[in-house]
Amino acid sequence: MKNTTSSLETQLSAWCAETFAVCFPDADLAAIPLAVIPSKNEQFGDCQCEAAMKLAKELKTNPRAVAQKFIESAVLPDFVEKIEIAGPGFINIWLKTTALAGQLEAMQADKKLGLPNLGNSRTVIIDYSSPNVAKPMHIGHIRSTVIGNALDRLYRALGYNVIADNHLGDWGTQFGLIILGYREFADQDALKTAPVEELERIYVKSYNLSKEDETWRDRAKAELVKLQKGDTENLALWKSFIELTLSEFNRIYKRLDVSFDLYRGESFYNDQLAGTVDLLKAKGLASESDGALVCDLEADGLNVAIVRKSDGGYNYTSTDIATVVSRTEEFHPAEIIYVTDERQQLHFKQFFHICKKIGVPTKLTHVWFGLMRLPEATFSTREGNVIKLEALLNEAEARALEVVKASSPNMDDAKQKEIARAVGIGAIKYTDLSQNPQSLVTFTWEKALAMDGNSAPYLQYAYARIASVRDKYAAQFPGINPDEFPIILTEEQERRLALKLIRFPAAVETAAKLHRPSVMADYLFDLSQAYSSFYQNVPFLKADEGPRESRIRLCALTATILKKGLALLGIETPERI
RNA sequence: GCUCCGGUAGCUCAGCUGGACAGAGCAACGGUUUCCUAAACCGUAGGUCGCGGGUUCAAAUCCCGCCCGGGGUACCA
């Protein structure tokens, strides 16, 4: 009856549901959450069930009486030590320590660490990062990239076929301005040393000119029209802008260990725009208004969405609809997830709504996050207070290098740098991933580059210490295989650690389901705290044979889960830091 | 005006599909290195969960109103 591949808590939830069904055959249990959840306070057991109180409300009776009836007719599963009623009607559950140990051994034997195959090879497209061509990435761009990439990794781990698509902003009116500006005042030297910065300078200057000078504006428009009609020269220039930009972006992506399956920018869908808008008209969803073609969504509380501008051009709404239609036909995804900042919420609501009306079957999800701001102001190119993404990464590595040099002065330079890279980049990523994405985020160097406390280096440090233990054990006890000894949990720190370890699959699942990598980060921090406490307070290399091997196994499993969990966030785990 | 977020310890943030005395990190204070990496551990101190009502056995969490901060609100994406 005991199924060690599914978690003890999953089994308990099923058991509670069954028992309630037996005790209260007439109650409508479907509406009541019967799941068993981890206890917040260990004095109340390992896990608890709150269903008695919910059910009592449903039945309009005393919650303690409900819990009492449950407990009287309950046949405890063999892995449960005891259950108790407490407070207003909590059912507190204590697991048998031997069962906990058994679950750990099962996890250790399972290559997937107990992760369920939720995706079953269904396709999910994740549209993230998506920067604009000819604009450098600044620290505002890191959130979409890092959060999107973590979701990518989480979904893959759960058996989904993920297509990561970088939907570049590579088409639009700005290219007329850039082409004209390029012809008139491009600095070829600057284009070689800092291409994207120079392209941005050209764009900004040209844009400002267009606001003051009508002739300039007309000339830019003419260049745009030429580009759109396929003029060879302009097309070549446009392509070179994309290549220049991508070569720089790819350098950043490489540093961040982020990769995409597709780089389909907006231009990819260009020749499908007219057809898409025709479809909207044919379905009676779009109508003329002030010269533009619009979808009136007032009735649904979503204002009005323009799908074709009065000058005949298309905009992001039409492009995004065409993109969904195209992706749906080509890949038949179960879901498309977009990761962008909060400013685009209305846009996504509008175009999701339109997609539904034209019969797109795909589940569309907008994962949005709060804008990054400085303590004193919002970022703005005009204010000149933007922090370039590369500068941030450089600073992170530099600060990490200082710490490495201080703590490992005898290590050779190359090794120090390699560790500083992994630690610095990890710290940056973790800062973004560990917060509720929807909070307002205030950027401070102190927080972004935190190297202690709740930070990536704290987790990496825990991992590195285990790696060291592993090596020392192998050196001191050659020929002994710890896996031939059973896991036995005697110390309270061991038991606490065990309870964290078995919850790994649930953490991954929740993080993916809620589209929140912060759930994973929280879990890993919790786990590391439990491990650090164990490490500090329980001896292992100096323990007797038996407990020693059991503890080495606990270390090994913790290391495996830390490594896997951090990998799901795109964070490296050096063997030594 | 309408609308979407945020307002929790000195600072930065968790918790928010209601649950048991509100959690962590940083900063502060006090301990722990003949011992497995002190980027660590153990402890002390620190909070009217923006304000006011309401629903409930139970509200930081749900509902209503208000205040403060940020975003969006037809031809930029």
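Here is how names work: the chains are called A, B, and so on, in the same order as the sequence lines, proteins then strands, and each is numbered from 1.
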Phosphate contact ([N] OP1 or OP2) by [X] side-chain N/O below 4.0 Å:
X        : N     : answer
A:Tyr207 : B:C76 : no
A:Gln529 : B:G25 : yes
A:Ser533 : B:C42 : yes
A:Arg465 : B:A39 : no

### Query
Among the nucleotides B:G71, B:A20, B:C42, which one has an atom lying closest to any side-chain atom of A:Lys40?
B:A20

### Query
Nearest to the side chain of A:Lys447 - B:G15, B:U12, B:C36?
B:U12

Is [N] paired to anything, Watson-Crick or G-U wobble with both distances less than 3.5 Å, and if yes, which nucleotide?
N     : answer
B:C76 : none
B:G69 : B:C5
B:C26 : B:G10
B:C49 : none

So for [X] and [N], does any side-chain atom that can act as donor or acceptor lie under 3.5 Å from a complementary atom in the base?
X        : N     : value
A:Tyr461 : B:A39 : no
A:Asn92  : B:A20 : yes
A:Thr340 : B:A77 : no
A:Lys54  : B:G19 : yes
A:Gln48  : B:A20 : yes

Please give the distance between the [atom1] atoms of [N] and [M] as a whole number of Å.
N     : M     : atom1 : answer
B:U17 : B:A59 : P     : 15 Å
B:C62 : B:G72 : P     : 25 Å
B:G1  : B:G19 : C1'   : 40 Å
B:A9  : B:G43 : P     : 23 Å
B:G47 : B:G30 : C1'   : 23 Å

### Query
In this structure, are over 12 heavy atoms from other groups packed under 6.0 Å from A:Glu212 atom CD?
yes

### A:Lys447 atom NZ: more than 12 heavy-atom contacts under 6.0 Å
yes

### Query
Do the numbers put A:Arg465 on top of the ring of A:Tyr531, so that NZ or CZ is under 6.0 Å from the six-membered ring centre and no more than 45° off the axis?
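No, A:Arg465 and A:Tyr531 do not form such a contact.
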
### Task
Have a look at A:Pro88 and say if it touches a base, only the backbone sugar-phosphate, or nothing, with a 4.0 Å heavy-atom cut-off.
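Result for A:Pro88 = base.
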
### Task
Evaluate the ring planes of A:Trp171 and A:Trp238, with Trp represented by its six-membered ring, and classify them as parallel (under 30°), tilted (30 to 60°) or perpendicular (over 60°).
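Plane angle over 60°, so perpendicular.
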
### Query
Any side-chain heavy atom of A:Glu9 within less than 4.5 Å of one from A:Arg503?
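The answer is yes; the side chains approach within 4.5 Å.
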
